[in-house]
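Worksheet for the structure shown next.
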Amino acid sequence: MQGLIKRLGLRTDPYIFFISAIFTALFVLALVIAPEEIGNAFAVGRTWIVSRLGWFFILGVNVWLGFLIWAAMSRHGHIRLGPRDCRPDYSSLSWFTMLFAGGIGTVLMFWGVAEPISHFSNPPLPGVAPHSEEAARDAMSIAIYHLGLHTWTIFALPGLAFAYFINRYDLPVRVSSVFYPLLRERIYGPWGKAIDIVSILGTLFGVAVSLGLGSSQIAAGLSALFGWDAGVPLKVAILAVLTGVAVISIVAGLDKGVKLLSNINIGMAVGLMVFVLVTGSTLFLLRGMVETLGLYLSNLPRLAFWNDMLANTNPDNGDWGWQGSWTVFYWAWTVTWSPFIGLFVARISRGRTIREFVFGVLMAPSLFTLVWFSIFGWQAMEIDGLGVAARAALGDQAGTLSAAVSESVPLAMFAFFENFPFATFVQGIAVLVVAIFFATSSDSASLVVDMLCTGSSKPGPVQQRVFWGVSEGLVAAMLLILAGDLGLTALQQVITVVGLPIFCLVFMMIPSLIRGFRNEDIDHITIGKRPGLREF
């Protein structure tokens with residue numbers, strides 16, 4: 001295999017690269033040959049996982065959060081994520097800014113309006129009337145629960161593991177390195193390679209699902225702007241363009257340009273948020289931010305452990321409870337991104353202590369998410385008609401946003417902006433923001449997948465990264481074609497099945513980190529004396 005690697009001009013582990021590539025190609029081929037059978041298989045798998053193991057996902061993320069808080073508050077919190085005299089590479093402000101850029105832009109643009117309105121019009125908790133004030137409060141609490149502290153817990157745990165073992169011990173940039181205390185030198189053998197292959201495939205599918213959702217949202221935006229049919233052909237065409245932009249970026253080596261473009265894009269997204277705050281019901285939204293923080297903190301214990309146990313989970317009628325389509329989907333989808341975001345967060349956190357890392361990664365993005373949902377969510381519900389009196393005053397205009405979201409989730413943000421000044425211009429900006437977010441995500445994900453293959457933070461040959469960029473686009477395109485008009489449902493099915501093995505891998509990072517912590521000599525020095533690998 002080494003000879004083939006040299007002839008192709010690659011720089012990677014041949015077993016990890018070729019096995020991952022073969023599995024990806026086989027999956028794409030299977031979707032072409034037997035799309036209906038593959039779709040049915042994922043549907044059955046998703047039903048079984050949600051109905052039998054949904055509780056495992058919900059309990060697991062809470063266990064991870066508890067472990068992270070313990071690690072930060074314990075004496076191990078003083079350990080630096082790097083050599084003994086290492087100091088942070090970035091200022092706190094730059095670090096927080098990069099955390100925002102790393103993992104929340106695409107998700108907030110997609111769900112910022114859609115999720116609160118969905119829960120507002122169809123309350124998941126029993127006994128709550130749709131469109132009521134109680135439904136609005138629950139909608140905000142649930143939306144922030146899904147995309148706040150718990151989402152960043154899923155990113156923070158692998159991020160901490162990567163930062164500890166890769167930055168502190170100079171082990172290869174691979175997921176298998178995290179398991180050195182458990183596997184030792186076997187991370188370089190079949191067990192380690194199997195872990196890396198599963199991680200690569202999980203990341204590839206997670207990014208593919210995100211690209212599929214992104215192309216759906218862009219298609220909805222173009223439909224709102226120009227009246228185009230937002231069907232599968234337009235979504236696949238958009239996906240091809242996004243993949244093409246990512247590939248051009250890879251070939252041209254536009255690292256600085258992409259970084260600048262990403263920063264501009266974040267600024268545009270924040271600009272949209274400020275625009276809604278200023279041109280919308282400003283005082284109402286400012287009061288909503290304060291109240292939403294209290295709602296989130298008071299409802300978090302109940303929501304964090306609620307797992308819809310009284311729902312009818314009979315797989316024969318396809319009803320697996322509300323959380324199968326929401327919470328379990330979120331956790332399964334997010335965990336497939338965790339190697340991607342975790343490596344990014346670990347890379348920018350070199351030199352920080354475990355305590356700084358945990359509280360910074362958990363708190364800063366979560367607070368931004370709370371502000372984002374407070375502005376977009378409350379404003380959307382007020383436009384839709386919040387409460388009996390407000391809906392009566394709106395008359396026929398009440399429920400317009402709910403109807404738009406019910407018809408098409410990707411359309412939510414664009415239907416929302418129809419209620420603001422300069423609607424067409426703002427919708428165009430929103431389309432551009434989403435497009436750039438997803439193009440740069442594809443580019444970055446290609447780099448991360450390539451790093452997981454090479455085991456080095458240095459970029460591999462261009463053709464390697466191009467291969468992964470094209471592979472992400474192909475998998476996403478085939479999923480969209482397979483999904484047809486039921487795009488979101490099909491993507492949920494695929495990602496729930498793929499997310500299970502990644503979820504189990506991340507769970508096993510906890511005993512590995514505990515074993516690493518126990519070998520640290522931190523009785524007399526706050527930053528810790530790094531133990532040798534032989535001491536594990």
Side-chain angles (χ1 to χ4, degrees), residues 50 54 106-148 150-151 209-210 212-214 216-217 220-221 224 230 276 288 292 295-296 299 303 306 308 311 318-334 369-370 372-387 390-391 398-419 430 434 485-493 495-496:
V50 170
T106 54
V107 177
L108 294 185
M109 286 296 295
F110 192 88
W111 294 110
V113 171
E115 179 159 5
I117 284 292
S118 295
H119 306 331
F120 178 58
S121 56
N122 296 288
L125 297 175
V128 179
H131 307 111
S132 64
E133 294 178 3
E134 185 180 4
R137 295 189 184 98
D138 286 345
M140 293 302 299
S141 300
I142 293 169
I144 300 170
Y145 160 58
H146 280 157
L147 293 166
H150 282 69
T151 281
V209 168
S210 298
L213 293 176
S216 298
Q217 189 175 26
V276 173
T292 300
L295 288 171
Y296 176 57
N299 288 317
L303 293 175
W306 175 56
D308 218 4
D319 183 8
W320 40 66
W322 176 88
Q323 282 190 316
S325 300
W326 287 97
T327 309
V328 176
F329 163 65
Y330 268 137
W331 295 170
W333 179 27
T334 305
T369 299
L370 187 142
W372 182 277
F373 272 109
S374 296
I375 293 174
F376 282 92
W378 282 116
Q379 186 64 68
M381 289 186 289
E382 186 186 52
I383 291 171
D384 199 60
L386 208 170
R391 295 182 73 80
T400 53
L401 269 182
S402 297
V405 173
S406 177
E407 179 183 347
S408 171
V409 171
L411 186 62
M413 183 68 75
F414 305 103
F416 171 77
F417 281 128
E418 288 178 359
N419 299 276
V434 174
D485 295 329
L486 301 175
L488 185 58
T489 301
L491 294 176
Q492 287 175 328
Q493 291 169 350
I495 209 60
T496 304

Would you say the side-chain atoms of Arg391 pair up with the backbone N or O of Asp384, donor to acceptor, closer than 3.5 Å?
-> yes

When you measure from the side chain of Gln217 to the backbone N and O of Met109, does any donor-acceptor pair fall under 3.5 Å?
-> yes

Taking every heavy atom of Phe120 against every heavy atom of Ala139, the minimum-distance pair comes out as N-CB, 3.8 Å

How are the rings of Phe417 and Phe376 set relative to one another: parallel (under 30°), tilted (30 to 60°) or perpendicular (over 60°)?
-> perpendicular

Testing Ile375, Thr369, Leu370 for side-chain contact (heavy atoms from CB on, under 4.5 Å) with Phe373, which one passes?
-> Thr369

Hey, are the side chains of Phe110 and Val434 touching, using non-hydrogen atoms and a 4.5 Å cut-off?
-> no

Nearest heavy-atom pair of Val113 and Ala380: which atoms, and what distance?
-> CG1-CB, 3.9 Å

Is there a donor-acceptor contact under 3.5 Å linking the side chains of Thr151 and His146?
-> no

Specify the closest pair of heavy atoms between Ala114 and Val409, including all atoms of both residues, with the distance to one decimal.
-> CB-CG1, 3.7 Å

Quick one: does Met381's side chain get under 4.5 Å of Ile117's, heavy atoms only?
-> yes

Side-chain (Asp138) to main-chain (Ala135) donor-acceptor, under 3.5 angstrom | no

When every non-hydrogen atom of Ala129 is compared with those of Ser132, the smallest separation belongs to O-OG, 2.6 Å

Evaluate ring-ring contact (aromatic ring centres under 6.0 Å, His included) for Tyr145 paired with Trp331, printing each intermediate quantity in order.
-> CA-CA 11 Å; Tyr145 160 58; Trp331 295 170; 5.7 Å; yes

From CD1 (Ile383) to CD (Glu418), nearest 0.5 Å = 10.5 Å

Can you find a heavy atom in the side chain of Thr327 that is under 4.5 Å from one in the side chain of Trp322?
-> yes

Closest non-hydrogen atom pair between Ala412 and Leu401, with its separation = O-CD2, 4.3 Å

Please work out which of the three classes, parallel, tilted or perpendicular, describes the rings of Tyr330 and Trp111, given edges at 30° and 60°.
-> perpendicular

Under 4.5 Å between any side-chain heavy atoms of Trp326 and Ile142, yes or no?
-> no

Whether Glu134 side chain and Gly127 backbone form a donor-acceptor pair below 3.5 Å | no

For the pair Asn299 (side chain) and Leu295 (backbone), establish whether a donor and an acceptor sit closer than 3.5 Å, ignoring hydrogens and angles.
-> yes

Provide the closest heavy-atom pair for Ala136 versus Leu386 in the form atom of the first, atom of the second, distance.
-> CB-CD2, 4.0 Å

With the side chain counted from C-beta on, respond yes when Ser141 and Leu303 share a heavy-atom pair under 4.5 Å apart, and no when they do not.
-> yes

Below 4.5 Å, heavy atoms only, C-beta onward: do Trp378 and Thr292 meet side chain to side chain?
-> yes

With side chains defined as the heavy atoms from C-beta onward, is the minimum distance between Leu147 and Glu115 less than 4.5 Å?
-> yes

Report yes or no: does Ser406 contribute a side-chain atom to a donor-acceptor pair with the main-chain N or O of Ser402 at less than 3.5 Å?
-> no

